[in-house]
Amino acid sequence: MSEVPIALILARGENGVIGREGGLPWHLSGDLRFFKAQTLGKPIVMGRKTFQSIGRPLPGRPNLVVSRDPAFHPEGAEVFADLEAALARASDLAAEIPEGGPRREVMIIGGGQIYALTLARAQRIYLTEVHAAPEGDTSFPALDPSQWREILREDQASPGEGQPAFSFVILERSGAAPGP
Ligand SMILES: NC(=O)c1ccc[n+]([C@@H]2O[C@H](COP(=O)([O-])OP(=O)(O)OC[C@H]3O[C@@H](n4cnc5c(N)ncnc54)[C@H](OP(=O)(O)O)[C@@H]3O)[C@@H](O)[C@H]2O)c1
């Protein structure tokens with residue numbers, strides 16, 4: 001098995017909220033474009049609920065889904081009952097990304113449960129900071145600033161009335177990974 005870095009990609013409100021009633025609490029097409037640009041060509045790993053909320057496999061990327069439901073086998077995605085097996089497969093797929101192609105990394109695309117299980121091992125976080133505090137039922141914890149170094153920040157104006165401004169941020173792990 002080859003080992004490649006794990007990256008999380010997520011959009012989070014200022015209150016930590018990332019999801020509401022199985023979907024996103026906002027619709028930001030600029031963020032969807034950022035997500036596509038950062039994930040194309042890389043293996044994406046997600047929980048069953050996130051896969052169902054997207055509603056289809058995302059093209060141009062191997063889709064790996066974790067679910068303990070043995071009856072769940074959607075078209076266009078590989079399903080794993082075990083997160084470690086999914087990560088190992090994703091790592092092998094990322095290692096096959098050709099020279100000059102996208103960055104060789106495993107992209108964890110959510111949701112809350114899967115982020116919580118992988119954050120401690122992530123080397124990078126592609127974070128869209130949504131400048132709003134919407135209500136929601138799924139959240140992502142505050143990050144320890146001593147563990148993360150910002151390597152990019154791009155502020156984006158509100159795309160239209162009633163829609164929040166947001167910032168694209170890329171964070172690299174700077175401290176040692178926390179213990180178990
Ligand atoms: N803002 C963002 O960037 C962002 C990104 C992604 C998702 N979201 C939002 O997050 C919400 C969904 O997150 P969520 O936490 O409810 O669900 P989730 O993490 O997407 O999926 C949870 C499911 O994954 C499976 N699972 C979890 N741990 C597992 C393990 N160790 N081994 C095998 N399978 C495992 C289980 O599926 P089974 O029940 O089938 O066993 C579980 O029900 C939605 O609102 C979505 O829109 C937001």
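When a ligand or atom number is given, it counts from 1 through the structure's own listing order. This one's a predicted model, so the numbers in the text were calculated from it and none came from an experiment. Here, residue 1 is the first one in the sequence, and each next residue gets the next number.
Of all the heavy atoms in Glu105 and Val4, the pair that sits closest is CA-CG2, 4.2 Å. Taking both residues in full, the closest heavy atoms of Pro134 and Asn15 are given as O-ND2, 2.8 Å, listed atom of the first, atom of the second, then distance. Nearest heavy atoms, Pro164 versus His131: CB-O, 3.8 Å. Nearest heavy-atom pair, Val65 versus Ala77, reported as atom, atom and distance to 0.1 Å: CG2-CB, 3.9 Å. Of all non-hydrogen atoms in Asp137 and Arg20, the two that sit nearest each other are OD1-CA, 3.6 Å. For Ser174 against Trp148, the heavy-atom pair with the smallest separation is OG-N, 3.4 Å.
Atom 33 (C) of ligand 1 has Ala81 O, 3.1 Å as its closest protein atom, hydrogens excluded (heavy atom only). Atom 25 (C) of ligand 1 has as its closest protein heavy atom Val66 O, 3.3 Å. Of all protein heavy atoms, the one closest to atom 6 (C) of ligand 1 is Ile109 O, 3.1 Å. Among all non-hydrogen protein atoms, the one lying nearest atom 48 (C) of ligand 1 is Ile18 O, 3.1 Å. Protein heavy atom in closest approach to atom 11 (C) of ligand 1: Thr138 OG1, 3.8 Å. When hydrogens are left out, the protein atom nearest atom 3 (O) of ligand 1 is Ala11 N, 2.8 Å; that is the closest non-hydrogen contact. At the top of the distance list for atom 12 (C) of ligand 1, counting protein heavy atoms only, stands Thr50 OG1, 3.8 Å. At the shortest separation from atom 14 (P) of ligand 1 among protein heavy atoms lies Gly112 N, 3.8 Å.
Every residue was checked against the salt bridge (charged side-chain N to carboxylate O under 4.0 Å, His left out) condition with Glu135, not counting sequence neighbours, and none meets it. Scanning for side-chain contact (heavy atoms from CB on, under 4.5 Å) contacts around Pro59 gives Arg56, Arg61, with sequence neighbours left out.
Ligand 1 is approached by Tyr115 to a heavy-atom distance shorter than 4.0 Å.
Among Arg12, Lys49, Met46, the residue whose heavy atom lies nearest to atom 43 (O) of ligand 1 is Lys49. Taking all heavy atoms of Gln113, Glu84, Arg48 into account, the minimum distance to atom 38 (P) of ligand 1 is reached by Arg48. Residue Leu24 holds the heavy atom nearest to atom 4 (C) of ligand 1 of all those in Leu10, Leu28, Val65, Leu24.
No N or O atom of Leu117 sits closer than 3.5 Å to an N or O atom of ligand 1. For ligand 1, one of its N or O atoms has an N or O atom of Ser67 under 3.5 Å away. Checked by distance only, ligand 1 and Phe80 stay at 3.5 Å or farther apart across all their nitrogen or oxygen atoms. Taking only nitrogen or oxygen atoms, main chain and side chain alike, Glu21 does not reach within less than 3.5 Å of ligand 1. Distances between N or O atoms of Arg68 and those of ligand 1 include at least one value under 3.5 Å.
Residue Gly111 has at least one heavy-atom neighbour below 4.0 Å for each of these atoms of ligand 1: 6 (C), 7 (C), 10 (O), 13 (O), 15 (O), 18 (P), 19 (O), 20 (O). Near Arg20, meaning under 4.0 Å from any of its heavy atoms, are these atoms of ligand 1: 45 (O).
Remark: the Ser67 side chain and the Asp69 side chain contain no N/O donor-acceptor pair separated by less than 3.5 Å.
By the 30° and 60° cut-offs, the orientation of the rings of Phe168 relative to Phe34 is parallel.
With values rounded to the nearest 0.5 angstrom, Glu150 atom CD is found 11.0 Å from Leu143 atom CG.
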